[in-house]
Amino acid sequence: MSAEELIKRYEAGGGRLAAASAEGLAVPPSLHTAIVTCMDSRIDVFALFGMNIGETHVLRNAGGVVTDDVVRSLTISQRKLGTRDVLLVQHNGCGLATFTDDEFCEELAAETGMRPSWRTHAFRDPAQSVRRDVTQLRHDPFLHPDTRVRGFVLDIHAGVLEEVIVD
Ligand SMILES: [Zn+2]
């Protein structure tokens with residue numbers, strides 16, 4: 001029912017609007033930057049950074065955490081489409097801070113009889129999670145040696161980014 005609402009909006013002209021936004025843009029992001037952030041529906045990453053279509057790659061998942069697939073996308077983003085800088089943005093009040101990895105997997109196992117092969121990357125403290133993920137990216141062997149990674153915790157309600165300094 002809700003997805004149908006979106007299809008209706010597309011049919012009402014969304015496709016034409018999207019095509020107009022993309023017109024004349026090159027495939028490589030013009031600001032040579034990739035942003036990793038949470039899928040939280042309240043985060044307007046374009047508004048937050050005053051961004052336009054065509055300027056960055058935006059990778060979103062539950063938590064905005066560094067998974068194997070984020071590394072896959074960042075590596076392609078850098079090696080094939082020329083990005084260098086990475087901004088990692090996690091946030092206060094994230095759904096990933098409401099359970100532990102073990103709890104989530106126990107619930108899944110109880111309901112389905114199976115355990116997932118992946119981890120949830122649940123965290124209590126977003127700053128600590130950002131620190132861990134920035135460190136992981138800085139040591140990733142596949143990212144470009146000139147990669148600059150900066151990590152932030154976003155206060156969604158205040159629209160304030162707090163940088164997490166990682167030595
Ligand atoms: Zn979140």
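All values below come from the heavy atoms of this structure, side chains included, with hydrogens, waters and symmetry mates left out. Ligands are counted one by one from 1 in listed order, and the atoms in each one are counted from 1 as well.
- For residues 79-88, every residue pair satisfying the side-chain hydrogen bond (donor to acceptor under 3.5 Å, both in side chains) rule, not counting sequence neighbours, is listed here: Ser77-Thr83, Arg84-His144, Asp85-Arg148.
- Looking only at distances, no side-chain donor or acceptor of Arg60 sits under 3.5 Å from a matching main-chain atom of Val36.
- With respect to the salt-bridge test (charged N to carboxylate O, under 4.0 angstrom), the residues Glu4 and Lys8 do not qualify.
- Residue Gln136 holds its CD atom at 6.0 Å from CG of Asp133, rounded to the nearest 0.5 Å.
- One finds the CE atom of Met51 at 10.0 Å from the OG atom of Ser30 (value rounded to the nearest 0.5 Å).
- Here 3 is the count of protein N, O or S atoms positioned under 2.8 Å from the Zn ion (ligand 1), waters not counted.
- Looking at Gln90, its side chain does come within 3.5 Å of a backbone N or O of Gly64 through a donor-acceptor pair.
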